[in-house]
Amino acid sequence: MTYLNEKGRIFDIQRFSVHDGPGIRTIIFLKGCMLRCKWCCNPESQEYAIQSMVTDGKTKVIGRDVTVRELLEDITKDRVYYRRSGGGVTLSGGECFCQPEFSKAILRASKENGINTAVESTSCMEYSKIKPALEYIDYYLMDIKHMDSAVHKKYTGVSNERILENAKLLAKDAKSLTIRVPVIPGVNDSDEQIRAISEFTASLGTVGELHLLPYHRLGTDKYTGLGRTYEMAHAELHSKERIEELKSIAEKTGLTVLIGG
């Protein structure tokens with residue numbers, strides 16, 4: 001099983017998560033992303049390069065190279081919790097498909113050890129980098145941030161055409177596809193934009209759920225630690241009432257809509 005020797009770059013492992021797929025999960029955070037979302041709560045994930053970040057006055061190295069075999073030891077530690085809760089392992093980032101062979105190997109190793117799998121993905125890359133891994137993915141959690149390509153590029157650095165096209169392909173090929181929308185003040189939190197995203201999601205035909213993810217400021221200090229400016233510092237948090245209004249708008253398309261997830 002030479003694929004267990006596949007090596008990739010991660011920056012964190014989070015155990016006992018309950019927000020990144022069903023049940024109790026172990027989250028593997030991979031380095032590298034093609035987007036530069038202005039609200040990103042993991043800015044240390046964006047660059048593939050190993051970095052230094054100041055945290056609580058101490059300099060911390062961000063990023064390390066590991067093999068799938070090494071990760072599997074961590075993943076299988078909590079097998080009993082996965083079994084009891086319906087959980088498993090989730091690949092996150094960054095964007096896990098910036099390292100497609102490494103991601104596929106982790107997912108394959110997990111499935112061959114009877115562990116449920118999920119990915120969190122922007123899906124902003126050639127579909128040929130995604131499709132080979134789909135047979136090993138139980139839950140595909142995909143972000144859609146905006147339906148207008150120009151606005152999408154303004155706030156993420158890239159246009160959305162490939163993302164939307166890949167959503168259509170994933171709706172056919174993925175075992176289970178969930179669309180998630182980070183609700184960002186002044187970016188995509190209008191009635192019209194949530195309606196547009198919801199209508200597109202409903203048109204895919206096979207999406208089980210739409211998740212609205214309320215904006216938060218977690219990760220702001222990381223920008224300072226990396227010597228960067230957090231450009232969303234002016235954004236105001238939404239009230240619970242406003243998020244519920246947007247949920248009601250999305251539900252009118254017939255989708256099952258959850259807040260968070």
- Message: Within 45 degrees of the ring normal and closer than 6.0 Å to the centroid, is that where the cationic atom of R9 sits relative to F102?
- Response: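 Checked: cation-pi criterion not met.
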When hydrophobic residues are tied together by side-chain contacts of less than 4.5 Å, even through go-betweens, does [X] share a cluster with [Y]?
X: V151; Y: V158; answer: no
X: V80; Y: F16; answer: yes
X: L30; Y: Y48; answer: no
X: V119; Y: I115; answer: yes
X: L258; Y: Y139; answer: no

Restricting to non-hydrogen atoms, name the atom on [X] and the atom on [Y] that form the minimum distance, rounded to 0.1 Å.
X: V257; Y: A250; value: CG2-CB, 3.7 Å
X: H216; Y: Y230; value: O-OH, 4.2 Å
X: V68; Y: A105; value: CG2-CB, 3.6 Å
X: C96; Y: L91; value: CB-CB, 4.0 Å

Tell me whether the count of non-hydrogen atoms from other residues, nucleotides or ligands lying under 6.0 Å of [atom1] in [X] goes above 12.
X: R242; atom1: CZ; result: yes
X: Y3; atom1: OH; result: yes
X: K60; atom1: NZ; result: no
X: K131; atom1: NZ; result: no

Side-chain touch [X]/[Y], heavy atoms, less than 4.5 angstrom:
X: I28; Y: L71; answer: yes
X: H152; Y: I163; answer: yes
X: M34; Y: T122; answer: yes
X: L170; Y: M142; answer: yes
X: E244; Y: K247; answer: yes
X: E120; Y: D20; answer: yes
X: S110; Y: L107; answer: no
X: S92; Y: I27; answer: yes

Problem set entry | Chi angles and distances behind the salt bridge (Lys or Arg N to Asp or Glu O under 4.0 Å) call for R15, D74 | CA-CA 9 Å; R15 298 169 66 194; D74 279 309; over 6 Å; no
Donor-acceptor side-chain pairing of [X] and [Y] below 3.5 angstrom:
X: E95; Y: S121; value: yes
X: S128; Y: E126; value: no
X: Y140; Y: S123; value: yes
X: Y82; Y: T26; value: yes
X: Q51; Y: K31; value: yes
X: R25; Y: T90; value: yes

- Measure the CG-NZ distance between L134 and K104 for me, rounded to the nearest 0.5 Å.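 Interatomic distance, L134 CG to K104 NZ, rounded to 0.5 Å: 10.5 Å.
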Rounding to 0.5 Å, atoms CZ (R69) and CD (E6) come to a distance of 12.0 Å
Among M232, H238, K145, exactly one meets side chain to side chain contact (heavy atoms under 4.5 Å, CB included) together with I184. Which residue is that?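 Answer to the side chain to side chain contact (heavy atoms under 4.5 Å, CB included) test with I184 among M232, H238, K145: M232.
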L246 and D191: side-chain contact (heavy atoms from CB on, under 4.5 Å), yes or no, with the steps? CA-CA 7 Å; L246 296 176; D191 293 5; 4.0 Å; yes
**Request:** Start with the C-alpha distance between Y127 and D173, add both sets of side-chain angles, then the distance that settles side-chain hydrogen bond (donor to acceptor under 3.5 Å, both in side chains), and finish with yes or no.
**Result:** CA-CA 11 Å; Y127 194 63; D173 296 339; 2.7 Å; yes
Has [X] got a side-chain atom pairing as donor or acceptor with [Y]'s backbone, closer than 3.5 angstrom?
X: N188; Y: P182; result: yes
X: D12; Y: F29; result: no
X: T206; Y: A171; result: yes
X: R180; Y: G260; result: no
X: K111; Y: T117; result: no
X: Q193; Y: M147; result: yes
X: S103; Y: P100; result: no

